Number of protein chains: 2
Amino acid sequence: MARRTGSSAEVTGPRIRAAALRLFARHGYAAVSMRQIATEVGLQAGALYLYTPDKQTLLFELLRGHMEDLLAAYGTPDGPPEARLRQFVRFHIAYNLDHADEVFLSYMELRNLEPANFAVIESLRRRYEDQLSQILRDGAGLGAFQIADVRLATMAIIAMLNGVNTWYRQSGRLSREEVLALHETMAKSMIGAR
Amino acid sequence: MARRTGSSAEVTGPRIRAAALRLFARHGYAAVSMRQIATEVGLQAGALYLYTPDKQTLLFELLRGHMEDLLAAYGTPDGPPEARLRQFVRFHIAYNLDHADEVFLSYMELRNLEPANFAVIESLRRRYEDQLSQILRDGAGLGAFQIADVRLATMAIIAMLNGVNTWYRQSGRLSREEVLALHETMAKSMIGAR
DNA sequence: GTCTATACGTGGATAGAC
DNA sequence: GTCTATCCACGTATAGAC
């Protein structure tokens with residue numbers, strides 16, 4: 001049975017994070033006040049401090065949560081490199097489009113993290129990038145891909161895929177499936193996949 | 001002959017813009033105060049308002065100046081599509097690396113522009129992107145490139161090239177020339193250039 | 001052209017009542 | 001668990017002296 005009192009507490013935390021995420025992504029961390037976040041959730045500013053020690057930690061927890069969700073959602077597919085590359089490209093674009101605010105925030109507000117917090121996020125991001133590097137390395141080892149530099153190819157593919165979020169609109173000229181398919185083709189061509 | 005009095009005025013404006021650029025790029029527009037900018041230049045905050053009507057205009061002028069410099073620096077090369085693509089790729093990466101603060105700012109702080117100012121910057125950016133689209137269209141028309149969608153390929157190539165600025169360091173593993181050459185190869189492969 | 005002083009709003013964060 | 005009240009620093013911008 002759910003508790004009667006305090007039941008709102010279990011829902012207030014997530015609502016605060018959701019509001020902070022939306023506002024930070026829209027206006028930038030520095031431009032958003034704790035009062036704005038509180039208003040959005042229907043609280044007074046003081047009440048926020050029951051859920052976060054300060055504004056910086058609120059930002060950090062949003063970014064950390066995003067990176068961990070991303071890693072968990074990706075899993076670690078197996079199969080031949082070509083299939084895993086296809087899966088990575090499609091997963092990455094789809095996940096980015098479905099979590100646009102989180103993705104935008106986790107690139108834009110890195111500079112507003114304290115050094116210790118920054119290191120944590122960067123390490124999680126690196127772990128994700130390494131998933132793609134491993135695919136490329138395996139494919140190159142088998143002769144399926146032609147890659148001069150695996151790390152550089154990793155960064156180039158991820159940068160290309162990230163670009164989608166800056167212009168894709170659901171009502172746009174290209175369907176989501178077309179965008180996925182075309183990027184799959186471009187990613188493969190880039191590294192000389194058969 | 002330079003004037004005696006007021007000679008400092010001709011140098012103060014640029015110094016203010018340079019300081020604002022550096023601070024905005026490093027900490028974000030919203031996080032930087034007019035007092036910080038003034039201190040950086042060795043002025044009092046009030047003196048800044050002799051050079052800009054307000055903070056928003058200071059940001060806008062920085063972005064507009066950058067986009068116009070970019071367009072002027074690119075010019076409009078001619079020659080066969082392959083050569084023009086090669087030139088675009090190299091120019092874009094080199095210019096971005098040499099103007100990292102301006103480039104970063106012009107992507108990150110778009111959301112802090114008033115709608116009218118935003119429209120001006122976006123229109124300039126589109127004019128630049130169209131330079132690449134034209135190259136791709138010409139190449140596709142001649143059968144030199146295999147491109148399913150010119151606009152999407154344009155965005156994909158620019159996103160890939162922009163990615164360099166997020167990780168390239170002069171002291172890094174790859175030389176600047178290697179980075180240029182490898183991206184030239186990847187850009188060509190992406191669109192099936194011969 | 002620059003400075004000092006200042007108006008006035010808003011920032012993050014805390015104390016203590018309920 | 002939330003609110004009200006409040007502290008104090010700092011924000012943009014302006015007025016007026018020099």
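Because the structure is a prediction, the values reported are computed rather than measured. A note on names: the letters A, B, ... follow the listed sequences, proteins ahead of strands, and every chain is numbered from 1.
Residue Leu97(A) forms a side-chain contact (heavy atoms from CB on, under 4.5 Å) with just one option from Val179(A), Asn165(A), Leu180(A), and that option is Asn165(A).
Per the geometry, CD belonging to Gln36(A) stands 18 Å off P belonging to dG9(C), to the nearest Å. Going from atom CG of Leu43(B) over to atom P of dC3(C) covers 5 Å, rounded to whole Å. One atom, CG of Leu58(B), and another, C1' of dA13(D), lie 14 Å apart when rounded to the nearest Å. Note: CD1 (Ile16(A)) to C1' (dG1(D)) measures 11 Å, nearest angstrom. Distance Lys55(A) NZ to dG12(C) P: 5 Å, rounded to the nearest Å. As rounded to whole Å, 14 Å separates atom P of dG11(C) from atom OH of Tyr29(A). When the P atom of dG11(D) is taken as reference, atom CG of Asp54(B) falls 17 Å away, rounded to whole Å. Remark: P of dA13(C) and CZ of Arg35(A) are 11 Å apart, rounded to the nearest angstrom.
A sub-4.0 Å separation between OP1 or OP2 of dT2(C) and a side-chain N or O of Tyr51(B) is present. Residue Gln44(B) has no polar side-chain atom (N or O) positioned under 4.0 Å from OP1 or OP2 of dT2(C).
Of all nucleotides listed (dG11(C), dT12(D), dC3(D)), dT12(D) comes nearest to the side chain of Tyr49(B). Here dT2(D) is the nucleotide among dT2(D), dT4(C), dA13(D) with the atom lying nearest to any side-chain atom of Thr12(A). Closest contact between the side chain of Met34(A) and the listed nucleotides dT2(C), dG12(C), dG1(D) involves dG12(C). Across dG11(D), dG1(C), dC3(C), the shortest atom-to-atom separation from the side chain of Ser33(B) is found for dG11(D).
Val41(A) comes within 4.0 angstrom of no nucleic acid atom, judged by non-hydrogen atoms across all strands.
The residues Asp69(A) and Arg64(A) are annotated as not salt-bridged, no charged nitrogen and carboxylate oxygen being separated by less than 4.0 angstrom.
Taking the six-membered ring for Trp, Tyr128(A) and Phe88(A) have ring centres closer than 6.0 Å.
Tyr29(A) does not carry Arg111(A) over the face of its six-membered ring by the limits of under 6.0 Å from the centre and within 45° of the normal.
Residue Ala25(B) comes nearest to Leu105(B) through the heavy atom pair N-CD1, 3.7 Å, listed as atom of the first residue, atom of the second, then distance.
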